[in-house]
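Heads up: the structure comes next, in structure tokens.
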Amino acid sequence: QKEVEQNSGPLSVPEGAIASLNCTYSDRGSQSFFWYRQYSGKSPELIMSIYSNGDKEDGRFTAQLNKASQYVSLLIRDSQPSDSATYLCAPFILTGGGNKLTFGTGTQLKVEL
Amino acid sequence: GAVVSQHPSRVICKSGTSVKIECRSLDFQATTMFWYRQFPKQSLMLMATSNEGSKATYEQGVEKDKFLINHASLTLSTLTVTSAHPEDSSFYICSARGAANSPLHFGNGTRLTVT
């Protein structure tokens, strides 16, 4: 089982719709979770962080975490063409050697006009 | 917000030469810096983790003698690709973290092309 699993997509949504991106992780010890957005040819940029179960909202973005199910998601409301990018789920895993941020392969989102 | 500066953004070098990439945290002290590599249409792959003042920890399969990492201060880490070959051509990205458990902030990446 991969440490972090995401549907690679592409996920296509019409402009103005809600985009739902999902992620599961294998390590029950994960305590911190981050969503990054990566445009083609660019480095990742942090969108959201979430540390406790439940929902966390920031503007058009809502992160949802369920540690019991080892599941984290990102909702994007009122999707815009500029949201078209690859979204990376990244839980922080505590190991004997320290903290390690582990990235999923990412979900490609396409917002269509 | 936290800013990480990475230079150069793009470099072309000849096979057999060495290339140094710098990563600086501009407005915070980075206790830990991470170096990633990303090939086209693939996910980020962690190469190594460096802590200020100590030797870097390399991921399995990454040659430490080929990819030299120095983290001499709390704001600067360097990655040197020694004796570069065309297969080393990739997008190299550094990231930095302040406190433990805080998110990583990424530099803009360096696109290396070895001819």
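For A/Y87, there are no ring pair (Phe, Tyr, Trp, His ring centres under 6.0 Å) partners at least two apart in sequence or on another chain. Take B/F106 and apply the ring pair (Phe, Tyr, Trp, His ring centres under 6.0 Å) test, not counting sequence neighbours, and it matches A/Y36, A/F103, B/Y36.
Taking A/Q108, A/Q38, A/E45 one by one and counting their heavy-atom pairs under 4.5 Å with chain B, the maximum is reached by A/Q38. Taking chain B as the reference chain and counting heavy-atom pairs below 4.5 Å, the highest number among A/S8, A/P44, A/G104 is found for A/P44. When each of B/N108, B/L104, B/L46 is checked for heavy-atom pairs under 4.5 Å with chain A, B/L104 comes out on top.
A/S49 does not touch chain B: none of its heavy atoms, backbone or side chain, sits under 4.5 Å away. Looking at B/Q42, there are no atoms closer than 4.5 Å to chain A (heavy atoms on both sides), in backbone or side chain.
Below 30°, between 30° and 60°, or above 60°: for A/F34 and A/Y51 the angle between ring planes is above 60°, a perpendicular geometry.
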Task: Worked check of salt bridge (Lys or Arg N to Asp or Glu O under 4.0 Å) between A/E57 and A/R77 - done: CA-CA 11 Å; A/E57 186 176 317; A/R77 290 182 298 282; 3.5 Å; yes

TODO: Could you go through the salt bridge (Lys or Arg N to Asp or Glu O under 4.0 Å) check for B/E22 and B/R24 one step at a time?
DONE: CA-CA 7 Å; B/E22 287 192 354; B/R24 294 180 184 272; 3.5 Å; yes

